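Report on the structure given below.
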Number of protein chains: 2
Amino acid sequence: MRSDPFDPSAIVGPHRELLDQLLDKWGQLILTVLCHEPRRFNELKRTLDGITQKSLAQALRRLERNGLVERCVLQQRPIAVEYRITPLGRTLEEPFLALCAWTADHLDEVEDRRAAYDEAEDDGYEGAFVA
Amino acid sequence: MRSDPFDPSAIVGPHRELLDQLLDKWGQLILTVLCHEPRRFNELKRTLDGITQKSLAQALRRLERNGLVERCVLQQRPIAVEYRITPLGRTLEEPFLALCAWTADHLDEVEDRRAAYDEAEDDGYEGAFVA
DNA sequence: CAGCATCCAACTGGATACTG
DNA sequence: CAGTATCCAGTTGGATGCTG
């Protein structure tokens with residue numbers, strides 16, 4: 001398994017494209033929030049401080065199109081729209097949490113590495129030498 | 001847990017930034033390849049068909065800076081450089097494989113949803129109505 | 001409230017050329 | 001081979017204004 005040439009076609013095709021859509025900056029965050037509870041458009045916008053309504057709308061459309069999020073129009077005046085995680089979207093919660101757990105576990109180490117790299121760079125280090 | 005207001009600060013700060021760097025289009029792919037075996041610069045370029053050397057160099061610098069990949073200069077003429085996964089980088093293999101497994105398991109369903117969404121869109125559907 | 005349309009600045013990523 | 005440097009087109013994303 002480890003010595004296989006490794007065929008990247010399993011990742012480069014539609015799988016790759018899908019991952020790109022799932023893991024983009026906002027999609028992942030929205031999904032995580034909606035896993036906790038349904039949210040309305042402007043609630044989401046406030047929660048994800050920093051997102052523009054344009055980006056939010058785009059991300060929601062994409063998530064909705066992929067079947068991960070459901071758009072529910074509440075019968076109210078003025079109009080209210082609620083976004084909910086779908087069962088399909090829910091299946092992504094665990095992999096995402098695993099990723100978040102990874103960053104929580106390793107962020108310190110990564111920051112140490114960055115500091116070491118940046119310092120070494122100033123000294124002209126350009127990679128280990130090996131036979 | 002599920003009814004918490006959900007504090008996004010745990011994801012929006014440095015954690016978020018790190019995830020962005022890890023999950024970008026090429027970084028993830030390079031990491032996956034290097035988990036299988038060390039690779040030289042041009043070997044990687046050929047394996048990841050479609051990447052430019054500029055993007056590859058950038059992605060490798062970033063991975064190296066974050067301590068996920070190691071740059072080893074082999075003592076040869078002409079010069080040869082080998083990139084290897086680090087122990088830290090190796091810890092990302094499992095979460096990444098989980099993600100790949102998810103796409104493999106759910107790609108069909110997602111594509112069904114897309115088809116349904118696109119068709120409904122043509123008919124002017126704009127979300128479910130609920131009380 | 002929930003969005004869409006438009007304009008524009010910033011950044012990304014590709015092509016090309018050159019170096020040790 | 002393993003890159004760096006430069007230029008440029010295309011895309012992204014923010015700001016703003018408007019609609020039902």
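Computed from a predicted structure; not experimentally measured. Numbered from 1 within each chain, the chains take letters A, B, ... in sequence-line order.
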- Result for 5'-nearest mapping on DNA chain D, choosing between Q53(A) and Q58(A), is Q58(A)
- Closest contact, heavy atoms only, F96(A) versus L22(A): CZ-O, 4.0 Å
- Send over the distance from I30(B) CD1 to dA2(D) C1', rounded to a whole Å. 15 Å
- Task: Using the closest heavy atom to pick a nucleotide of DNA chain C for each, name whichever of P78(B) or A80(A) lands nearer the 5' end.
- Result: A80(A)
- Provide the closest heavy-atom pair for K45(A) versus I51(A) in the form atom of the first, atom of the second, distance. NZ-O, 3.9 Å
- So, R46(B) and E43(B), do they make that salt bridge, N to O below 4.0 Å? no
- Greater than 12 external heavy atoms within 6.0 Å of E119(B)'s CD: no
- Query: Just how far, in rounded Å, is C1' of dT4(D) from CZ of R61(B)?
  - Reply: 10 Å
- E93(B) bridged to R90(B) by N-O distance under 4.0 Å: yes
- More than 12 heavy atoms of other residues, nucleotides or ligands under 6.0 Å from CZ of R113(B): is that the case? no
- Task: Check the pair R114(A) / D118(A) against salt bridge (charged side-chain N to carboxylate O under 4.0 Å, His left out), numbers first and verdict last.
- Result: CA-CA 6 Å; R114(A) 285 177 183 171; D118(A) 292 345; over 6 Å; no
- To the nearest Å, give me how far apart OH (Y83(B)) and P (dA2(D)) are. 8 Å
- Item | Rounded to 10 degrees, the angle between the two terminal axes of the helix from dC1(C)-dG20(D) to dG20(C)-dC1(D), each from five pairs | 40°
- Item | 5' precedence on DNA chain C between A57(A) and I79(B) (nearest-nucleotide basis) | A57(A)
- Query: If you take all heavy atoms of A59(B) and I30(B), which pair is closest and at what distance?
  - Reply: CB-CD1, 3.6 Å
- Item | d(CZ, R71(B); P, dC1(D)) in whole Å | 16 Å
- Task: Provide the start and end nucleotides, 5' to 3', of the part of DNA chain C that has atoms under 4.0 Å from heavy atoms of chain A.
- Result: dC1(C) to dC7(C)
- Query: Rounded to the nearest Å, what distance is computed from the NZ atom of residue K54(A) to the C1' atom of nucleotide dG17(D)?
  - Reply: 14 Å
- Message: Quick check: do Y83(A) and R71(A) have side-chain heavy atoms less than 4.5 Å from each other?
- Response: yes
- Item | Nucleotide dA2(D), atom C1' - distance to CZ of R46(B) in whole Å | 12 Å
- Which is true for R77(A) with a 4.0 Å heavy-atom rule: it touches a base, it touches only sugar-phosphate, or it touches nothing? nothing
- Rounded interatomic separation in angstrom, taking CG from L56(A) and C1' from dG14(D): 14 Å
- Message: Just the rounded figure in Å: distance from C1' of dG3(D) to CG of N42(B).
- Response: 9 Å
